[in-house]
Amino acid sequence: MADTVVRIDNLVKRYKDLIALDHLSLEIKEGEVFGLLGPNGSGKTTTINCLLSLLAFDKGTVEIFGKEMTPTSYDIKREIGIIMQNVAVFDELTVYDNIDYFCGLYITDKEERRRCVEEAIKFVGLEDFTKFYPKKLSGGLLRRLNIACGIAHKPKLIILDEPTVAVDPQSRNKILEGIEELNRQGATVIYTSHYMEEVEQICTRIAIMDKGHKVAEGTKAELKKMIKNTETITVEIPEPSEEVSREISELPHVYKTEYKDDRLTVWCSGGKHNLIRVLGVLQDHDMHIGRVYSELPTLNDVFLEITGKALRDKED
Ligand code: ADP
Ligand code: MG
């Protein structure tokens with residue numbers, strides 16, 4: 001049984017009248033890439049700030065590496081790498097000197113520090129930019145610098161708060177691959193995001209948050225088993241008649257249908273051959289069938305079924 005790295009018990013955080021965290025409990029084990037998934041405002045950053053004792057909370061306890069976390073727990077803090085949502089680097093220092101500065105807060109031996117800084121630079125792929133000042137970096141490169149500053153001292157626990165927001169696809173892939181590599185090298189990771197695809201891709205266990213509550217928790221397979229949706233079928237067809245719509249909604253395992261933007265969507269719960277049956281009905285009525293796809297449930301479906309709303313807006 002792996003050791004518990006972080007234990008949050010019944011955490012309550014209020015901002016005046018707003019309850020930002022409502023009796024939140026989490027347990028994160030050594031070796032996990034633990035995902036905190038939730039829409040903007042669900043309490044992810046507040047959770048991170050409370051767990052690091054950067055923010056005072058109203059109730060509850062936080063333990064890291066088996067010890068109570070307090071604002072002065074420097075021995076715990078040196079084993080943690082923090083990558084905040086808002087990039088925090090010094091504009092007047094170069095890429096190299098920024099990483100060196102943050103690494104120097106933990107590692108005093110010059111030679112060891114040089115090795116760590118160089119490894120971190122390689123790790124995030126900033127070799128060609130070491131002499132650049134942050135203002136000259138693109139958003140993606142700046143994020144990568146922010147990450148290098150947080151991981152250069154080789155922490156055992158790495159916490160990243162939405163590290164891929166507003167980042168180009170190349171940097172985003174580099175960041176996600178980097179996190180997986182750090183985990184392979186032994187780090188436990190806490191990763192917050194409102195992008196369900198990323199969380200699905202890299203997290204071994206996930207807590208879904210909404211309005212300061214943990215609404216579900218598990219591996220992605222476990223989360224998907226909690227909901228009734230097993231398959232969503234989409235067919236591009238001209239508007240179906242009432243008869244066709246009725247026949248499809250009466251097929252076995254179909255629990256919801258919708259026609260919108262020239263597409264029929266059919267939600268199924270269990271069973272086999274759902275796609276064949278849907279297409280069978282359309283063929284019986286000689287309908288012209290365009291593109292067809294069948295999708296397995298996503299974490300968005302999990303969020304939708306549990307909370308009744310989409311995890312994020314389409315345009316986000
Ligand atoms: P997330 O990181 O998931 O987007 P946050 O933890 O930032 O969510 O915010 C949770 C809730 O607390 C939101 O409703 C937000 O508006 C509120 N909140 C966050 N920080 C403050 C603050 N300093 N003062 C008042 N309300 C805040
Ligand atoms: Mg946040």
Side-chain angles (χ1 to χ4, degrees), residues 6 8-28 33-62 64 69 71 80-89 139-140 142-147 149-151 157-167 171-172 175-176 179 189-203 205-218 220 223 298-300 302-304 306-316:
V6 175
I8 296 177
D9 206 29
N10 270 311
L11 201 60
V12 176
K13 170 64 192 173
R14 290 194 187 86
Y15 295 109
K16 296 210 175 101
D17 291 340
L18 178 89
I19 301 182
L21 297 179
D22 193 357
H23 296 87
L24 179 75
S25 297
L26 293 172
E27 191 178 337
I28 296 154
V33 179
F34 190 87
L36 267 186
L37 176 68
N40 288 330
S42 54
K44 302 182 296 294
T45 300
T46 302
T47 304
I48 300 302
N49 286 337
C50 289
L51 111 85
L52 292 168
S53 271
L54 298 174
L55 194 61
F57 41 90
D58 299 279
K59 215 181 131 187
T61 53
V62 175
I64 303 184
M69 182 70 180
I80 305 178
I82 310 157
I83 292 101
M84 291 293 187
Q85 184 167 3
N86 299 319
V87 174
V89 294
L142 196 58
R143 284 269 163 195
R144 279 147 73 170
L145 170 60
N146 201 37
I147 292 171
C149 291
I151 61 155
L157 170 64
I158 300 172
I159 301 174
L160 302 105
D161 194 5
E162 308 231 29
T164 59
V165 169
V167 154
S171 281
R172 180 182 157 136
I175 290 170
L176 294 177
I179 293 168
V189 178
I190 302 178
Y191 183 84
T192 88
S193 182
H194 65 279
Y195 298 127
M196 52 145 190
E197 304 87 346
E198 291 185 353
V199 169
E200 283 215 54
Q201 189 183 328
I202 66 166
C203 295
R205 221 152 50 81
I206 299 153
I208 301 183
M209 291 188 63
D210 186 37
K211 295 185 187 145
H213 292 265
K214 180 174 77 180
V215 295
E217 185 176 16
K220 59 189 169 193
L223 289 168
T298 63
L299 290 179
N300 201 29
V302 176
F303 192 82
L304 185 67
I306 293 174
T307 68
K309 60 184 190 225
L311 184 54
R312 61 189 163 98
D313 303 331
K314 284 249 155 47
E315 63 273 15
D316 185 6

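When a ligand or atom number is given, it counts from 1 through the structure's own listing order.
- Between Lys211 and Asp22 the shortest side-chain heavy-atom distance does not fall below 4.5 Å.
- With a heavy-atom cut-off of 4.0 Å, Ser42 touches ligand 1 through backbone and side chain alike.
- Ligand 1 has no atom lying under 4.0 Å from any heavy atom of Gly212.
- Between Lys44 and ligand 1, an N or O atom pair is found at a separation short of 3.5 Å.
- Listed by atom number, the atoms of ligand 1 under 4.0 Å from Pro39 heavy atoms are 3 (O).
- The distance from the CD1 atom of Ile28 to the CZ atom of Phe34 is 5.0 Å, given to the nearest 0.5 Å.
- Close N/O approach between Ala20 and ligand 1 is not found [any backbone or side-chain N/O within under 3.5 Å].
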inquiry  = Applying side chain to side chain contact (heavy atoms under 4.5 Å, CB included) to Val6 and Leu26, what does each step give before you reach the verdict?
reply    = CA-CA 8 Å; Val6 175; Leu26 293 172; 6.0 Å; no

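- Screening Val302, Ile206, Val199 for a side-chain contact (heavy atoms from CB on, under 4.5 Å) involving Lys220 leaves a single residue, Ile206.
- At the shortest separation from atom 4 (O) of ligand 1 among protein heavy atoms lies Gly41 N, 2.7 Å.
- Using a 4.5 Å cut-off on side-chain heavy atoms (C-beta onward), Ile80 and Ile159 make contact.
- In terms of protein heavy-atom proximity, atom 7 (O) of ligand 1 is nearest to Thr45 CB, 3.8 Å.
- Those atoms of ligand 1 with a heavy atom of Asn40 less than 4.0 angstrom away are 4 (O).
- From the protein, the heavy atom lying nearest to atom 8 (O) of ligand 1 is Gly43 N, 3.2 Å.
- Checking Thr45 against the Mg ion (ligand 2), an N/O/S atom falls under the 2.8 Å cut-off.
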request  = Give the C-alpha distance, both sets of side-chain angles, the deciding distance and a yes or no for side chain to side chain contact (heavy atoms under 4.5 Å, CB included) between Ile179 and Tyr191.
outcome  = CA-CA 9 Å; Ile179 293 168; Tyr191 183 84; 3.4 Å; yes

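- Rounded to the nearest 0.5 angstrom, Met209 CE and His194 NE2 are separated by 15.0 Å.
- Looking from atom 9 (O) of ligand 1 to the surrounding protein, the closest heavy atom is Thr46 OG1, 3.8 Å.
- At least one N, O or S atom of Gln85, from either the backbone or the side chain, sits less than 2.8 Å from the Mg ion (ligand 2).
- Between Val62 and Leu51 the shortest heavy-atom distance is CG1-O, 3.6 Å.
- The closest approach between any non-hydrogen atom of Gly38 and ligand 1 is not below 4.0 Å.
- The part of Leu18 lying near ligand 1 is the side chain, judged by heavy-atom distances below 4.0 Å.
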task = Starting from the C-alpha separation in whole Å, work towards a yes-or-no answer on side chain to side chain contact (heavy atoms under 4.5 Å, CB included) for Leu37 and Met196.
result = CA-CA 7 Å; Leu37 176 68; Met196 52 145 190; 4.3 Å; yes

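- The heavy-atom pair separating Arg143 from Glu162 by the smallest distance is NH1-O, 3.4 Å.
- Of the protein's non-hydrogen atoms, the one nearest atom 19 (C) of ligand 1 is Tyr15 CE1, 3.5 Å.
- Note that atom 1 (P) of ligand 1 has protein non-hydrogen atoms nearby, at separations under 4.0 angstrom.
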